[in-house]
Amino acid sequence: MLTQAMPEQQDWNALTDAEFRAIFRDWVDRTCPAHLRFMRKQRPVFDEVAEWYHALARKGWLSPVWPQEWGGMGLNAAKHIVYVEEWARLGCPRIPDHGIGLTGPLLIEFGTEEQKAHFLPRILSGEHVWCQGYSEPNAGSDLASLRTSAVRDGDEFVINGQKIWTTLAHCANWILLLARTDKEAAKPQNGITVLLVDLTSPGVVVRTIPNLREEADFCEVFFDNVRVPAKNVVGEVNAGWALAKAVLGHERIFLGAPSRPEYALKRLELLAEDRGAFGDAAFRSRYAKLRLDLYDLGSAFERFAKVLREGGTLGADVSVLKLFCTELYQRITEETLAVAGEEARFYDDLPLGDGGHVDAMNLFLDARAPAIFGGSNEIQRNILAKAVLGLPSR
Amino acid sequence: MLTQAMPEQQDWNALTDAEFRAIFRDWVDRTCPAHLRFMRKQRPVFDEVAEWYHALARKGWLSPVWPQEWGGMGLNAAKHIVYVEEWARLGCPRIPDHGIGLTGPLLIEFGTEEQKAHFLPRILSGEHVWCQGYSEPNAGSDLASLRTSAVRDGDEFVINGQKIWTTLAHCANWILLLARTDKEAAKPQNGITVLLVDLTSPGVVVRTIPNLREEADFCEVFFDNVRVPAKNVVGEVNAGWALAKAVLGHERIFLGAPSRPEYALKRLELLAEDRGAFGDAAFRSRYAKLRLDLYDLGSAFERFAKVLREGGTLGADVSVLKLFCTELYQRITEETLAVAGEEARFYDDLPLGDGGHVDAMNLFLDARAPAIFGGSNEIQRNILAKAVLGLPSR
Amino acid sequence: MPLIQLDDPDATLAMLRDSLAALAAEADGPATFRRRRAAGADLDPQVWRALAEAGFLALPLPEDMGGLALGRPELTVAAEALGRSLITEPYATLAVFPGTLLAALPPDEHLRDLAAGLGRGEAILPVLWQDARGRRAPLALTDDLLTGTAHLVAGASSATGFLVLAAEGGEPVLIHLPASAPGLRVVARPGIDGATLASVSLHDVPAGRVLARGAALETALTQAITTTRLALAAELAGIGARALEITVDYTANRVQFGKTIASFQAIQHRLVDMWAEAEFACSACLNAATAPEGEVAQAVLAAKARAGDSATAITRKAIQLHGAMGFTDQCDIGLYLKRAIALNATLGQPEELRLAFLSAERAA
Amino acid sequence: MPLIQLDDPDATLAMLRDSLAALAAEADGPATFRRRRAAGADLDPQVWRALAEAGFLALPLPEDMGGLALGRPELTVAAEALGRSLITEPYATLAVFPGTLLAALPPDEHLRDLAAGLGRGEAILPVLWQDARGRRAPLALTDDLLTGTAHLVAGASSATGFLVLAAEGGEPVLIHLPASAPGLRVVARPGIDGATLASVSLHDVPAGRVLARGAALETALTQAITTTRLALAAELAGIGARALEITVDYTANRVQFGKTIASFQAIQHRLVDMWAEAEFACSACLNAATAPEGEVAQAVLAAKARAGDSATAITRKAIQLHGAMGFTDQCDIGLYLKRAIALNATLGQPEELRLAFLSAERAA
């Protein structure tokens, strides 16, 4: 299983950003298969991108922020930004990344040595594909009110309950689960525990929830007396809330990375060129607004990236990127439907004169999601009002 | 004092709307002086429009809704709408109308015979010019928390306190005052009384508050032991809240009448013609949006007017007109500044090639007001959420 | 809640609403949408038949064409009710458009028969007249042969025949072609509202009977477009109003942080703005349905633009207020969004309609 | 709270901010605005002198012109600080613009003296170059006589001289004219920011010394426009950020219905959106202040457009959130709005700048 060729490792953080960028880009551009570039699908499943996943793992470049001792690249925030930027620029596909981005960092920070030794290599090898079991039908934005229970029974916990909005659970074999272990806790945040659960355990049922694009990004996961070894608890029992909140760190900046609207604007430009819309001054005016919004999003992103680059930490104010980015993405895709005119009646992609296509409707529908997920924009505004503007609650 | 020529009266409501419109328009067009038409000033003071005021009074057409026995026209809501529409179409100036629109109706509904006989003719003659003393420095939107006190002392009340945002108080000689007569009332709404107060009384000080256009529309009115005869109470002592709320009735529709944005759009059109903006497709697109918004405001206004015309009463939903109208007025004036380009740096009116002018900045600044006054748009949205959509408070 | 508040002195409109409500109780709109989409169909024959039986297809036809000879108000109410119930058959493009086109032409026996069949739901007669971008398609009639491709055709696979708007020399002609005509090829693509749209290619197809030509045809076409846009506007107004109601219900029941979502002031203001958009769409349709003859064209441009903007904006915001649930296919609110997008893009998006309004007004 | 987050390794920027803060403590910005407006003046000589003494007028000039030879970051911080303090003298148009124009020309003794005087606040040298709409004014130099009218001139009544951009034959020339030149007529109109703007007519005015001509002049003018726009952008960003702070303070203290206004969720979301606009204006200015040379022109177009839209939107919303108080002249927030309007309209409104950005990008 762990028989990849020796990864090419060095102290990446000692390089300049430009040096690292050049090295990374060169290899990725040579290695990432052409048919996986700029995929129409936002969330390919593991099998569709396995080739690219394994290539990254062999190179040792699958996990940008894990320490090198665990097979990561050990990138600091500045280099991580370069990694993500180049990834987007070259149109690499999103890989099932909950193991790399969520379970891995959580175990590295809070896991036992045994947990690390067992699970981390299996993430890199692709043997374990993880998903995130946080949300529940009545605990979406308000996660603290979750009800899925884990009851101690000897060396095991017995899980009962239901998770929802579990991204790609139907293609995963492990789930990072938040469960309630104390119903009597004074505050609902207390009494929550993080567990590592094998999805192939008896009593687990996974059901897909097709989205607006009729793709199965999301799942419901049902637990009916599912037994989990107690050694699969991460951190302390009843102390999982802090763990779940701790992981995101500097990666919140990527929720506002300009890559999605950038891609969408490129599609708009292609369609507009093909349809002759740039000859219409009214369109040019609207396009210029969107173009400058994107440019300015880049400037704002850079202002926060600079903080990380200089070793600082990000405050709650970084959410401004997510707000602006997700709403810009929506506006761009709405303008694309306007340019499509009568053709906005089609569900499938719009043909261009050069034989290419623009996935106008695909993007329009996809753009509904980022403003909802990852903390809805309404929740973000509540947080910003309190944390950044210090507004009173009375 | 009451020696005007016999007014021309008849049962106006027996006419068709079209007949009434023709008669009214013809006389107004012949009678309203040219120099008062389409005045730059939103709120002329009494002396500036006295000529037109007296002409209306002589004709018996000054008070559209008062009953004919009190010298009004006795118009029903349908005819009143025609009256207001023609007034706007012909560009007649706003006259100081608190006596006609507020004090008069209040006395007609709740006043004693003595009060009616004394005050109503003096409103028509222009001897009494009224203003409205409701708002206070800490009771703007939240009127129930007003503090100006009226304390009984024999046959008089003694008033102490301060009113603010009193429109044109410096040109008025009477004020319709809301004062607190019971500080211990269980609910703050109880314990409020309506009083008719002579502004020339000792102890009254009026100070103007220049607005964004440096015009003195508003005043502060200070009361220092001002003595008011008890017979000047309207209705019952401590029962003034219901009276103050009762008067508006069907007139709420006029807060959303299209005349302000209509006038502003006409100015935008003039400026755009003069500056050649219609040759720019981007401008045409934005102008078309504003034009259609105005057209649709007309349709929406008509839908509510129809309810009145058919003898119905308006619900809280009529506020939708005020929201849309005031925000459209703002958007039109903002586009006018955009068309003005570099000339938006001027405070004064913009010259046109034909010798005319467009008061771009005057309108832009004026358009800030209607969204704030008459119940701010935020308050309107709160009311609509509860009253029309029935949204819960928990 | 927002409704197109038309006068209804003899209760005809109430009857229409009742009739559609009964139909909707049988033919579940959302379920039909999903079923038709899964089948890759262009319409649901069962629902179409039900619409015919309820008299909806014959509604805009004159009595001598077997129609009900009802006017703009009735059409408006019918389309609004379809929108509210999410009955997503191609009513406007496949019943109103060919129906009013035929009704506006100089009548003859054949034309009356065709129209009557349309009204009874037996004839399904898509009009071939648009190119891929919605402009006039380059269909040519030469030596009694038709050639060219029409796009954006609703109901092409279910068609019993086609009404072909072609050019002969410089003159427009309207031809009735049986669906079985040789040299006729249909290629279907999925539409966003769960019905396919087709391109129909004609390659030296022997022309059938010429139904009309010249100026009379152009006039009829203009009238048909206006009437169809009115139906589209009303349907969009119905969609927006109903999507608002659904969202009010959802947010008033969904609890987060111990409170219903609808009790949060920011959400309340959002819902009020959505309600205002729905109100304005309804009053714009009311105006278009009751405008005097000379003002109908402008009133309809305004109504279609307003109702289209309004329905798409309301449904987009509705998705957001439904949260994760709104992003799923199982939640009906997404179907309202998709239908709104489709109708908004049919016969002119708002920007185009507004510019047409402005041009007409400034030319006047 | 939003600030243009420039690196400040040697604390120059902090020094500039301190220096302006000290100045603002003396010369109350809002009070000066109202006083200058009441006087119908084009600038406040006392504040102008203070700006000179603090080195702000010499800031963009090179050392051999008596300047501080500071760069884009310093100019940005200075202008931002002026915006925040509502020091509304015509800094961008009357210090930055002529200063950078002179600094960018091939230098000679006379030119150095002129610039040095400008930096010391002794020379006030408006540039005559715009017509009534802000385009290039038709000023002509023929037989050593200047004729034509320039508009939108700041500081014309206080001027010690004028820099006249005229055309001789097909070639641009820049001429220095003393304010006392015969045949020169100034007509002032009130500006929205409480300083008059004038039209300056030249009727056969004997031309003074030609400072520059031809391509070198055009290049210098382009540079001066870019640098001035950067200053305007930074000032607008400062205005927006400060107006936001003022509004947060006001709403957090103003009580209605027993709660502070700022505790209402709808108001909180509005304030968050205003804050986001201020943040984006600041980061756009940061980008323009630090962009590599080849990208400055585009970055400045973006920054001026963003900061202008942002400051006008924030101040408009600020008025609304101040309620009736916001509509009064006694409340400072209205002055922020007026200043934002004025600067936003100086050297290109956002739409024009965005189209220029797009044209340059698509041409590249």
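Note on naming: letters A, B, ... go to the chains in the order of the sequence lines (proteins, then strands), and numbering restarts at 1 for each one. The figures that follow rest on heavy atoms only: side chains count, while hydrogens, waters and symmetry mates do not.
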Proximity breakdown for [X] and chain A, heavy-atom pairs closer than 4.5 Å:
| X | result |
| --- | --- |
| C:Q256 | both |
| C:L337 | side chain |
| C:E352 | neither |
| C:I267 | side chain |
| C:R254 | side chain |

Spacing of [X] atom [atom1] and [Y] atom [atom2] [to the nearest 0.5 Å]:
| X | Y | atom1 | atom2 | value |
| --- | --- | --- | --- | --- |
| A:E342 | C:N344 | CD | CG | 10.0 Å |
| C:M325 | A:F218 | CE | CZ | 11.5 Å |
| C:I261 | A:E378 | CD1 | CD | 9.0 Å |

Distance-minimising heavy-atom pair for [X] and [Y]:
| X | Y | answer |
| --- | --- | --- |
| A:I372 | C:A324 | CG2-N, 3.3 Å |
| A:G341 | C:A345 | O-CB, 3.4 Å |
| C:Q320 | A:R368 | OE1-O, 4.4 Å |
| C:A342 | A:R345 | O-CG, 3.4 Å |
| C:F257 | A:I379 | CE1-CD1, 3.6 Å |

Exercise for the section: Answer whether the closest heavy-atom distance between the side chains of C:L152 and A:F346 falls below 4.5 Å. Expected result: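 Contact flag for C:L152/A:F346 side chains = yes.
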
[X] versus chain C, the contacting section by heavy-atom distance below 4.5 Å:
| X | value |
| --- | --- |
| A:A282 | side chain |
| A:R381 | neither |
| A:E215 | neither |
| A:F373 | side chain |
| A:P137 | backbone |

Exercise for the section: Decide side-chain contact (heavy atoms from CB on, under 4.5 Å) for A:E334 and C:T312; before the verdict, give the C-alpha distance in whole Å, the side-chain angles of both, and the deciding distance to 0.1 Å. Expected result: CA-CA 10 Å; A:E334 285 152 25; C:T312 49; over 6 Å; no

Practice task
Sort out for me which of C:T328, C:L321, C:I341, C:L343 touches chain A most, counting heavy-atom pairs under 4.5 Å.
Solution key: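 Between C:T328, C:L321, C:I341, C:L343, the count favours C:T328.
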
Exercise for the section: Select, from C:R270, C:H322, C:R316, the one with the greatest count of heavy-atom pairs under 4.5 Å involving chain A. Expected result: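 So the answer, after comparing C:R270, C:H322, C:R316, is C:R316.
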
Exercise for the section: Begin with the C-alpha distance, continue with both residues' side-chain angles, and end with the deciding distance and a verdict on side-chain contact (heavy atoms from CB on, under 4.5 Å) for A:L212 and C:I319. Expected result: CA-CA 10 Å; A:L212 285 180; C:I319 298 272; 4.1 Å; yes

Handout entry: Over 12 foreign heavy atoms within 6.0 Å of CZ, A:R331
Key = yes

Problem - Flag if over 12 foreign heavy atoms under 6.0 Å of CZ, C:R185 - result: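 Open.
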
Handout entry: Heavy-atom donor-acceptor pair, C:R189 side chain to A:D349 backbone, under 3.5 Å
Key =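 A pair under 3.5 Å: yes.
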
Practice task
Give a yes or no answer on whether the side chain of C:E351 reaches the backbone of A:F283 with a donor-acceptor pair at less than 3.5 Å.
Solution key: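 Such a contact is absent between C:E351 side chain and A:F283 backbone.
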
Exercise for the section: Between chain C and each of A:N377, A:L365, A:I164, count heavy-atom pairs under 4.5 Å; write down the option with the most. Expected result: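 Max contact count across the listed options: A:L365.
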
